Amino acid sequence: MASDLPATPLSRARKRFGQHFLHDPAIVRRIVNCVATDEGETVVEIGPGRGALTGLLASCGAQLHLVEIDRELAGDLMVRYAEAPAVTVHTGDVLRFDFTALAGQLNTRLVLVGNLPYNIASPLLIALLSVLDCVDRAIFMLQREVAQRLAAMPGSRDYGRLTVMVSRLCTVEILFDVRPGAFRPPPKVDSTLVRLCPRIAPLGPPVDSQAYSQVVRTAFSQRRKTLRNSLRSYHPDLAFKEAGIDPGTRPETLSAAQFAQLTAALYPG
Ligand code: SAM
């Protein structure tokens with residue numbers, strides 16, 4: 001296993017790219033075991049960095065696509081995998097990466113994997129919600145606080161916009177926590193591995209996803225206000241009645257399915 005990790009010191013960790021490199025082989029193996037990929041699959045590793053996960057992922061026999069923003073690290077990976085036809089390196093920002101095009105070109109659904117840079121985790125999760133058609137599952141290392149928000153139950157402190165956006169479309173499974181000492185340099189926070197799987201059908205009635213997103217955003221923009229107050233601009237009295245939702249409640253008590261009911265009532269037809 002140790003041979004998959006770079007033997008020579010490489011570039012310094014770049015803070016702006018959220019670089020905290022895994023260096024604990026036991027944790028690397030646990031993560032790759034959770035990915036549980038095999039030959040028929042196409043894996044996209046987001047932010048492969050110095051390749052801590054990449055070596056083991058490549059040895060599983062799947063087609064592997066690496067998306068790395070740091071040109072120097074992407075260049076090192078291109079050299080390392082020059083003789084490996086199953087590995088393709090894409091240099092660039094994953095927030096601009098066209099997952100749909102890759103899946104269409106290969107006629108397959110993608111397995112996404114990444115020890116994600118903390119600064120892009122939430123925007124990436126939101127962006128991925130619009131390409132779930134081409135995703136089989138995603139196994140991500142996240143800041144523990146973000147993982148807790150994803151898996152939070154209605155009414156809890158961590159429950160919020162991210163929970164409601166993601167949970168309508170995906171199941172969220174907390175896999176295990178990782179201490180800062182498993183990374184170099186160590187981050188200031190704990191991390192958690194999660195597995196997201198697209199649901200067969202979204203929770204609640206079918207709704208336009210932009211309308212849903214807008215209702216959720218508006219409801220949580222003033223978390224302490226009741227739904228009646230935060231959604232006032234929608235003139236929502238009839239919609240509350242139709243959706244069977246008490247307008248005096250706060251947004252963090254509503255499930256994703258209830259937000260979908262409310263959206264359907266606010267945007268009929
Ligand atoms: N996977 C490696 C590991 O576990 O050791 C590195 C993980 S490090 C937390 C995050 C990686 O994502 C870095 O290699 C960083 O350069 C890369 N990265 C940061 N922002 C990115 C972006 N917008 N698009 C693609 N890669 C990015």
Side-chain angles (χ1 to χ4, degrees), residues 1-35 37 43-60 62 64-81 87-99 101-102 110-128 131 135 138-147 175-195:
M1 171 63 236
S3 62
D4 291 329
L5 301 173
T8 50
L10 293 167
S11 58
R12 274 191 316 118
R14 293 190 167 93
K15 234 182 173 175
R16 73 176 189 284
F17 291 147
Q19 292 178 348
H20 298 279
F21 300 105
L22 273 166
H23 75 105
D24 180 334
I27 299 287
V28 168
R29 185 165 289 282
R30 264 184 99 183
I31 295 171
V32 174
N33 284 347
C34 289
V35 178
T37 185
V43 176
V44 180
E45 188 189 351
I46 297 168
R50 295 175 180 172
L53 296 168
T54 317
L56 259 194
L57 287 170
S59 70
C60 296
L64 191 52
H65 287 260
L66 313 174
V67 186
E68 175 56 61
I69 200 169
D70 184 320
R71 287 176 179 280
E72 190 180 340
L73 294 180
D76 291 341
L77 290 163
M78 280 178 198
V79 171
R80 197 181 318 166
Y81 291 104
V87 181
T88 308
V89 181
H90 306 262
T91 308
D93 184 348
V94 70
L95 293 172
R96 292 165 178 267
F97 188 75
D98 194 339
F99 291 95
L102 178 66
L110 308 172
V111 179
L112 310 184
V113 180
N115 168 18
L116 296 186
Y118 297 140
N119 51 337
I120 65 154
S122 293
L124 178 66
L125 288 167
I126 295 291
L128 288 176
V131 297
V135 174
I139 293 85
F140 288 150
M141 179 82 76
L142 302 167
Q143 187 176 339
R144 189 157 75 132
E145 185 201 321
V146 175
L175 298 172
F176 59 88
D177 291 338
V178 180
R179 307 289 298 170
F183 305 89
R184 281 199 189 127
K188 292 203 173 75
V189 293
D190 285 336
S191 304
T192 299
L193 192 73
V194 301
R195 174 163 39 228

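Note that the structure is a prediction, hence the values are computed from the model and not measured. Indexing begins at 1, ligand by ligand and atom by atom, following the structure's order.
Near G49, with a cut-off below 4.0 Å to any heavy atom, the atoms of ligand 1 are 6 (C), 14 (O). In the vicinity of G18, heavy-atom distances shorter than 4.0 Å reach the ligand 1 atoms 8 (S), 9 (C), 10 (C). Applying the 4.0 Å criterion to heavy atoms of A52 picks out, from ligand 1, the atoms 5 (O). Near F21, with a cut-off below 4.0 Å to any heavy atom, the atoms of ligand 1 are 5 (O), 6 (C). Interface of E45 with ligand 1, defined as ligand atoms under 4.0 Å from a residue heavy atom, comprises 1 (N).
Under 4.0 angstrom from ligand 1, the non-hydrogen atoms of N115 come from both its backbone and its side chain. Neither the backbone nor the side chain of M141 has a heavy atom within less than 4.0 Å of ligand 1.
Selection from V113, I69, V67 by nearest heavy atom to atom 18 (N) of ligand 1 gives I69. In this comparison of R16, R184, Q19, the heavy atom closest to atom 13 (C) of ligand 1 sits on Q19.
The distance criterion of under 3.5 Å between nitrogen or oxygen atoms is met by V94 with respect to ligand 1. For the pair L22 and ligand 1, the shortest N or O to N or O distance falls below 3.5 Å. Considering both main-chain and side-chain atoms, E68 comes within under 3.5 Å of ligand 1 through a nitrogen or oxygen pair.
For the pair L125/V146, a side-chain contact is recorded, criterion being any heavy-atom separation below 4.5 Å from C-beta on. F99 is listed as a side-chain neighbour of V94, based on a closest heavy-atom distance under 4.5 Å. Side chains of Y81 and L64 form no contact here, defined as non-hydrogen atoms less than 4.5 Å apart. The closest side-chain heavy-atom distance from D177 to S191 is not below 4.5 Å.
Note on ligand 1: G114 sits outside its first shell, no heavy atom being nearer than 4.0 Å. In this structure, H20 is part of the shell of residues with a heavy atom less than 4.0 angstrom from ligand 1. At least one heavy atom of I120 sits closer than 4.0 Å to an atom of ligand 1.
Remark: of the listed residues L53, V111, L193, L112, V111 is the sole one forming a side chain to side chain contact (heavy atoms under 4.5 Å, CB included) with V35.
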